[in-house]
Amino acid sequence: MNDIFLTNQGKVRQHNEDNGGIFLNPHGVRLAIVADGMGGHRAGDVASQMTVEYMQKQWEEESGPMLTPNEAESWLQQKIKEINRRLFEYSEENSECQGMGTTVVAAICTNRFSTIANIGDSRCYLYNESGFKQVTEDHSLVNELVRSGQISKEDAENHPRKNVLLRALGTEINVEMDIFTIIFEEDDVLLLCSDGLSNKVSEQEMITIITNSDDLAIKADSFIAMANEYGGEDNITLALLRFFDNSESR
């Protein structure tokens, strides 16, 4: 497997409230995370940073080989619920951070499967032999309006309440997440990203970048450049992971 993580402040924001990374545990299994923080003066930075630092530490020090999807799903459930409680308690104890929260999309990637968890509107996409598709559901007001048939997908693109989330990490003492496992095969690519990318770059443009012959670093740079070219009003963060056989050079 090869991978790359990139985050960019964008062209408008004064600081970057996104965070994330791709981390290896002692068994050589990868954990990819993207977190998009929000709320309060610099509190978005705090929420996303606390989330990623906690998940990284737990992954690198206390995770197993993840031989089955059940193991991976259980690990993500437990750790995300724990950091949610920590974020909520921190915001209650620190007035400058009250109301802070963060999205999170996380993927445990083995050579046989990927287990994905998400809260909020940071997304995971999969490119495989069947094509390119979004595999997570946004926990947003606009997505619920689309799902219930009240507005079209086209209307959602420019809806004035597009950024209203129905779920976020750290805003309540208990949190619900979506969690599921997909098969991950040779040449499949996972893209995790914040809405600074998905709000600017269309799925067709994503497909063009994903399917070009360049390496992952060039693909990642192309995503960032395109989002900034289209305005860059938000922070832009992404993780790309591609599975290949061991005979292929990195």
Side-chain angles (χ1 to χ4, degrees), residues 3-23 31-57 83 87 90-91 94 96-107 118-125 134 136 138-140 142 157-165 168-171 189-203 205-206 208-210 214-241:
D3 58 66
I4 188 165
F5 171 83
L6 278 183
T7 187
N8 184 276
Q9 186 172 310
K11 298 173 71 175
V12 174
R13 297 288 178 91
Q14 294 186 355
H15 58 277
N16 194 345
E17 293 189 340
D18 286 2
N19 211 312
I22 301 171
F23 311 109
L31 171 69
I33 309 172
V34 168
D36 179 357
M38 69 261 184
H41 178 62
R42 292 191 63 83
D45 305 46
V46 173
S48 61
Q49 182 177 347
M50 283 179 64
T51 297
V52 173
E53 287 181 351
Y54 175 80
M55 297 285 283
Q56 177 184 4
K57 186 174 189 295
I83 188 56
L87 290 176
Y90 188 89
S91 69
N94 296 271
E96 72 277 10
C97 292
Q98 283 187 359
M100 77 173 186
T102 183
T103 71
V104 65
V105 58
N118 74 292
I119 300 169
D121 63 356
S122 292
R123 294 179 176 177
C124 179
Y125 296 88
Q134 181 182 339
T136 53
D138 294 353
H139 302 136
S140 65
V142 165
E157 292 301 314
N158 299 301
H159 196 280
R161 303 188 72 189
K162 186 171 182 177
N163 294 325
V164 176
L165 295 182
L169 192 69
T171 57
V189 178
L190 276 186
L191 166 65
L192 282 63
C193 67
S194 63
D195 65 347
L197 178 65
S198 58
N199 280 345
K200 287 296 180 183
V201 180
S202 71
E203 285 198 13
E205 289 166 327
M206 289 183 181
T208 300
I209 292 172
I210 287 284
D214 299 318
D215 66 17
L216 286 189
I218 294 175
K219 294 180 198 292
D221 287 339
S222 298
F223 279 125
I224 299 289
M226 187 172 287
N228 276 324
E229 181 184 338
Y230 291 158
E233 291 91 351
D234 201 354
N235 310 138
I236 310 152
T237 301
L238 65 95
L240 280 169
L241 303 100

Legend entry - side-chain hydrogen bond (donor to acceptor under 3.5 Å, both in side chains) partners for Thr102, two or more places apart: none
Inset, instruction - Over all heavy atoms of both residues, which pair between Val201 and Ala227 is shortest? Give the atoms and the distance, please. - result: CG2-N, 4.0 Å
Inset, instruction - Could you list all the salt bridge (charged side-chain N to carboxylate O under 4.0 Å, His left out) pairs where at least one residue sits in residues 224-239, not counting sequence neighbours? - result: Arg13-Asp234, Lys200-Glu233
Legend entry - Close side-chain approach of Asn19 to Met50, heavy-atom, < 4.5 Å: no
Inset, instruction - Kindly give the heavy-atom pair with the smallest separation between Leu31 and Ala106, and that separation in Å. - result: CD1-CB, 4.3 Å
Inset, instruction - Sort out for me which residue in Ile210, Asp215, Leu192 forms a side chain to side chain contact (heavy atoms under 4.5 Å, CB included) with Leu240. - result: Ile210
Legend entry - Nearest-0.5 Å distance that lies between atom CD1 in Ile22 and atom CG in Asp3: 4.0 Å
Legend entry - Thr103 side chain to Asp121 backbone, donor-acceptor under 3.5 Å: no
Inset, instruction - Would you kindly say whether Thr237 and Asp18 are connected by a side-chain donor-acceptor distance under 3.5 Å? - result: yes
Inset, instruction - Measure the CG-CD1 distance between Asn8 and Ile236 for me, rounded to the nearest 0.5 Å. - result: 5.0 Å
Legend entry - Side-chain heavy atoms of Val105 within contact of Arg123, under 4.5 Å: no
Inset, instruction - Work out which heavy atom in Thr136 is nearest to a heavy atom in Cys124; give both atom names and the distance. - result: OG1-N, 3.0 Å
Inset, instruction - Work out which heavy atom in Leu191 is nearest to a heavy atom in Met206; give both atom names and the distance. - result: CD2-SD, 4.1 Å
Legend entry - Any Val52 side-chain heavy atom under 4.5 Å of Phe23 side chain: yes
Legend entry - Minimum-distance pair of heavy atoms, taken over all atoms of Gly170 and Leu87: CA-CB, 3.7 Å
Inset, instruction - Search all heavy atoms of Gly120 against all heavy atoms of Asn118 and return the closest pair with its distance. - result: O-ND2, 4.1 Å
Inset, instruction - Measure the CG-CG distance between Asp195 and Asp36 for me, rounded to the nearest 0.5 Å. - result: 5.0 Å
Legend entry - Nearest-0.5 Å distance, NZ of residue Lys219 to OG1 of residue Thr208: 10.5 Å
Inset, instruction - To the nearest 0.5 Å, tell me how far Leu6 CG sits from Ile224 CD1. - result: 5.5 Å
Legend entry - Atom pair CG (Leu238) and OG (Ser194), whose distance is rounded to the nearest 0.5 Å: 8.0 Å
Legend entry - Contacts of type side-chain hydrogen bond (donor to acceptor under 3.5 Å, both in side chains), residue Asn235, not counting sequence neighbours: none
